[in-house]
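Have a look at the structure below before the remarks.
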Amino acid sequence: METNEYLIGYYSNFDEDGRLTSRHGSVEFLTTMRYIERYLKPGDKVIEIGAGTGRYSHTLAQKGYTVDAVDLVEHNIEIFRQNTQPGEKITITQGNAMDLSVFLDNTYDITLLLGPLYHLYNQEDKRQAISEAIRVTKQGGIVFAAYVITDVCLLDESFSRNLFSIAEYIEKGLMNPETFATRSTPDEIIELVRKEDIDTLMSVFPVSRLHYVASDGYARCMREAVDSMDDATFELYLRYHLATCEREDMVGFTSHSLDIFRRKKL
């Protein structure tokens, strides 16, 4: 089965809105929005590549920004359109993150690549997607790229919740038995990486890193505790998370990471 067919099947049956609106899932959303808003300026144009059902795109459009969104999956696009409110300056186009040829060079102030790198399984494809994201971004513009991180996913989904067997991954040759580094395929849907993989991936691009963020930290591993917090406790937890999410000794301890970089001016 082609990779695109895996993704279409997966996202046609996946509640992405619910993932980001649950209390523990909102940590990732609120953290990402905090960093996006740090760099937004009045009149900025935004593109979201792999927009899903539009949680970020619609939030930004409702704040008055002009947003162009791209997604591969027709099911997501249908929901995206249903979620569009009157007055939003927003478009949605069906497309692939590795080919944004319908969009001009040097167009957007803010580029969001918050999902496609989860589903690209080799360095060439990832670099093609990042290159396209950089191309459509203005010189001096900001790109936000999200990843799924190996270790907390292993701790949470295998050792804690038994959703998959690490022993089977090792037996299939998908995991190094000494370092526990993974090698994902479309069968696994999600590509797991570590920060050193991201550093290597980004080493060829004309960009400067602004932030590397543990965007949801340990929230998924303690989902029951986070979901049961009252408002005051959750606010305190979120303050703690935001105060520590860039600390060098904490950034690997997360399910999702956010790499934020500026396209250099030539």
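Just so it is clear, the model here is predicted, and its values are computed rather than measured.
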Residue list, ring-ring contact (aromatic ring centres under 6.0 Å, His included) with His241, at least two apart or on another chain: none
Do [X] and [Y] have side chains that get closer than 4.5 Å, going by heavy atoms?
{"X": "Ile142", "Y": "Thr111", "value": "no"}
{"X": "Ile134", "Y": "Val207", "value": "yes"}
{"X": "Phe261", "Y": "Thr137", "value": "no"}
{"X": "Gln94", "Y": "Val73", "value": "no"}
{"X": "Phe180", "Y": "Ile170", "value": "yes"}
{"X": "Val46", "Y": "Leu112", "value": "yes"}
{"X": "Thr31", "Y": "Val213", "value": "yes"}
{"X": "Met33", "Y": "Arg38", "value": "no"}

State which residues pass side chain to side chain donor-acceptor pair (under 3.5 Å) with [X]; sequence neighbours excluded, sorted by chain then number.
{"X": "Ser257", "value": "Tyr212"}
{"X": "Asp230", "value": "Thr233"}
{"X": "Tyr35", "value": "Glu246"}
{"X": "Arg127", "value": "none"}

Output all residues satisfying salt bridge (Lys or Arg N to Asp or Glu O under 4.0 Å) with [X], sequence neighbours left out; order by chain, then residue number.
{"X": "Glu191", "answer": "Lys126"}
{"X": "Lys41", "answer": "Asp44"}
{"X": "Asp227", "answer": "none"}
{"X": "Asp109", "answer": "Lys138"}

Can you hop from Met229 to Tyr240 via hydrophobic side chains spaced under 4.5 Å? no
Is there a path of hydrophobic side-chain contacts, each under 4.5 Å between heavy atoms, that joins Val193 and Met250? no
Where do [X] and [Y] come nearest, in terms of heavy atoms and distance?
{"X": "Leu117", "Y": "Ala146", "result": "CB-O, 3.7 Å"}
{"X": "Cys153", "Y": "Phe164", "result": "O-CE2, 4.2 Å"}
{"X": "Leu113", "Y": "Ala129", "result": "CD2-O, 4.4 Å"}
{"X": "Thr254", "Y": "Val152", "result": "N-CG2, 3.2 Å"}

Counting neighbours of CD on Gln123 that are heavy atoms of other residues, nucleotides or ligands and sit closer than 6.0 Å, is the number greater than 12? yes
From [X] [atom1] over to [Y] [atom2], what is the distance, rounded to the nearest 0.5 angstrom?
{"X": "Ser228", "Y": "His24", "atom1": "OG", "atom2": "NE2", "result": "12.0 Å"}
{"X": "Thr66", "Y": "Ile110", "atom1": "OG1", "atom2": "CD1", "result": "13.0 Å"}
{"X": "Arg81", "Y": "Asn76", "atom1": "CZ", "atom2": "CG", "result": "11.5 Å"}
{"X": "Asp68", "Y": "Glu48", "atom1": "CG", "atom2": "CD", "result": "11.5 Å"}
{"X": "Asp151", "Y": "Thr182", "atom1": "CG", "atom2": "OG1", "result": "9.0 Å"}
{"X": "Ile130", "Y": "Arg135", "atom1": "CD1", "atom2": "CZ", "result": "14.5 Å"}

Stepwise, does the side chain to side chain donor-acceptor pair (under 3.5 Å) test hold for Arg263 with Asn106? CA-CA 10 Å; Arg263 179 181 178 182; Asn106 306 306; 2.6 Å; yes
Tracing side-chain links under 4.5 Å among I, L, V, M, F, W and Y, which residues wind up in one group with Leu104? none
For Leu163, the rest of its hydrophobic cluster, which grows through side-chain links under 4.5 angstrom: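 ILVMFWY cluster around Leu163 holds nothing else.
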Under 3.5 Å, side chain of [X] to main-chain N/O of [Y], donor-acceptor pair present?
{"X": "Ser215", "Y": "Thr32", "result": "no"}
{"X": "Glu132", "Y": "Ala97", "result": "no"}
{"X": "Tyr121", "Y": "Ile189", "result": "yes"}
{"X": "Asp259", "Y": "Ala145", "result": "no"}

May I have the step-by-step check of side-chain contact (heavy atoms from CB on, under 4.5 Å) for Arg239 and Leu236, ending in yes or no? CA-CA 5 Å; Arg239 283 171 52 198; Leu236 187 62; 3.8 Å; yes
For Asp231 and Arg23, run salt bridge (charged side-chain N to carboxylate O under 4.0 Å, His left out): C-alpha distance rounded to whole Å, both residues' side-chain angles, the deciding distance at 0.1 Å, then the answer. CA-CA 10 Å; Asp231 289 347; Arg23 177 153 270 181; 2.8 Å; yes
Taking only distance into account, with no hydrogens and no angle test, what donor-acceptor pairs under 3.5 Å do side-chain atoms of residues 197-205 form with protein atoms, sequence neighbours excluded?
{"unit_1": "Asp197", "atom_1": "OD2", "unit_2": "Arg194", "atom_2": "N", "d": "2.8"}
{"unit_1": "Asp199", "atom_1": "OD1", "unit_2": "Lys195", "atom_2": "NZ", "d": "3.4"}
{"unit_1": "Asp199", "atom_1": "OD1", "unit_2": "Arg209", "atom_2": "NH1", "d": "2.9"}
{"unit_1": "Asp199", "atom_1": "OD1", "unit_2": "Arg209", "atom_2": "NH2", "d": "3.0"}
{"unit_1": "Asp199", "atom_1": "OD2", "unit_2": "Lys195", "atom_2": "NZ", "d": "3.1"}
{"unit_1": "Thr200", "atom_1": "OG1", "unit_2": "Glu196", "atom_2": "O", "d": "3.1"}
{"unit_1": "Ser203", "atom_1": "OG", "unit_2": "Thr200", "atom_2": "O", "d": "2.7"}

Audit row: Leu192, Tyr147, side-chain contact (heavy atoms from CB on, under 4.5 Å) steps and yes/no: CA-CA 8 Å; Leu192 300 179; Tyr147 297 86; over 6 Å; no
Can you list the steps and then say if Val143 with Ile260 is a side-chain contact (heavy atoms from CB on, under 4.5 Å)? CA-CA 6 Å; Val143 181; Ile260 306 171; over 6 Å; no
Derivation and outcome, side chain to side chain donor-acceptor pair (under 3.5 Å), residues His58 and Glu88: CA-CA 8 Å; His58 288 303; Glu88 289 185 7; 2.7 Å; yes
Asn96 and Asp99: side chain to side chain donor-acceptor pair (under 3.5 Å), yes or no, with the steps? CA-CA 6 Å; Asn96 189 310; Asp99 180 8; over 6 Å; no
With respect to His256, which candidate in Tyr218, Tyr118, Phe29, Phe144 satisfies the ring pair (Phe, Tyr, Trp, His ring centres under 6.0 Å) definition?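 One option only clears the test, and that one is Tyr118.
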Criterion side-chain contact (heavy atoms from CB on, under 4.5 Å) on Val67 and Lys89, from CA distance to verdict: CA-CA 6 Å; Val67 180; Lys89 295 179 289 186; over 6 Å; no
Tell me whether Arg220 is salt-bridged to Glu28, with the criterion being a basic N under 4.0 Å from an acidic carboxylate O. no
